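All of these numbers come straight from a predicted model, not from anything done at the bench. One-based numbering, in listed order, for ligands and for the atoms of each.
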Amino acid sequence: MLIMDGLGDRPYKLLRNKTPLEAARKPNLNKMAHNGETGLMYTLGPGIIPGSDTAHLSLFGYDPVEYYQGRGVYEALGAGIKLKKSDVAFRVNFATIKHNKIVDRRAGRDGCCLDDLAKQIDGMKIGDTRVIFKHTVEHRAVLVLRGKGLSKDVTDTDPHETGVPPKKPKAINKTNSARKTEKVLNSFISKANKLLDGSKENKKRIRRGLLPANTLLIRGAGQYNEIPSLKELFGISASAIAGGALYKGVAKAVGMDVLDVPGATGDKNTNLKNKAEYAINSKSDLVFLHVKATDSFSHDGDYKGKKQFIEKVDKEIISRVLNEFDLMFVSGDHSTFASIGEHTAAPVPILIYGDKKLVRPDLGMFGERRAALGQHRIIGLDVLPILLSKAGIVGKYGE
Ligand code: ZN
Ligand code: ZN
């Protein structure tokens, strides 16, 4: 299962009215599409704009309505933090603020010095609550509040726009735990802001011409409960190859073995060749291979960069893995339109390739609009059952 994050897009004039995927030179993906099944996937259902977390749960066969635990939980698991049931975990952006207004929600997407800053924040005490804080990839970080009587029922501080101040975290209900968490978060934010503002790391960033990472935007509160594994639910073993913490975390939550691949960073310079080698060498029934940069390019409005990255995936992953697996599924977790820099509800093209006796080819090429001529119209939750039946792991329903 190869997922290019935020793969789906719309046509752009400068790409000769093609989408980045349509415009990309991708002989290997086209070869697969020509001999494979294609179609469109509304990952969470028509009209629902997927987050990456809920989208991946569906792709793994887990209905997010039942299993979703908040983005913070997956980021924390993916960052290697051992969560307790009473912990509250959040996803954090290092961000840039000037005169209390947000200038950049991602501090220029540059991870410089953020490891060191995170180490200074990690271990803070707010009353009887302990702060666990870890920098992951680019501007991203994880916050875990550990202590008595905390709750995930607090609002986000990230307004998802620039030119406005960050929001204040607020208790969603009147329980003592929600109120306490609101208080703890507020003190944490002012303490962290002071530390960031006066830090030598930010002076270094400014000297290097980077935006200072002088505030934290906090979102996606969640509390962790173990859920049944892929082995328990579907009887399959699975391993995961991803750079981003979120994807490692969702994979861990469903019981995948998360492989540590050298150079798999989850950014635009990630080592795709290593990812392909590790996928081929995995002995698991299912290998999940995730690439993130397609989505990041779109969030930054860079549809040309997205097109070039798809070409790189074709050359460095697809060409290598093409004849190594019995069955392959290639798609995105959702569309991200570079035109608006955000996820949209537009369906993503899917591609199923494998044993000629089991695959009924659509004679397509791999692209959003060609996929509309393909045989499939599915949602994310359909993916695993389709793969399991083609792989002969699930048999007939009835006689
Ligand atoms: Zn995504
Ligand atoms: Zn995204």
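Tyr74 and Tyr68 have parallel rings, their planes meeting at less than 30° on a 0 to 90° scale where 60° marks the start of perpendicular.
The Zn ion (ligand 1) does not have His56 among its coordinating residues (no N/O/S atom, backbone or side chain, under 2.8 Å). Among the atoms of Ser52, an N, O or S atom falls under 2.8 Å from the Zn ion (ligand 1).
To the nearest 10 degrees, the angle centred on the Zn ion (ligand 2) between OD2 in Asp295 and NE2 in His299 reads 100°.
Within Asp5, the N, O or S atom at minimum distance from the Zn ion (ligand 1) carries the name OD1. For Asp333, the N, O or S atom with the smallest separation from the Zn ion (ligand 1) is OD2.
In the hydrophobic clustering of ILVMFWY residues, with side-chain heavy atoms under 4.5 Å counting as a link, Met41 and Tyr247 come out together.
Ring to ring, His56 and Phe288 are close: their centroids are under 6.0 angstrom apart.
Closest non-hydrogen pair, Leu384 versus Leu286, comes out as CD1-CD2, 4.3 Å.
The residue from Asp156, Asp158, Asp53 that alone fulfils the salt bridge (Lys or Arg N to Asp or Glu O under 4.0 Å) condition with Arg219 is Asp158.
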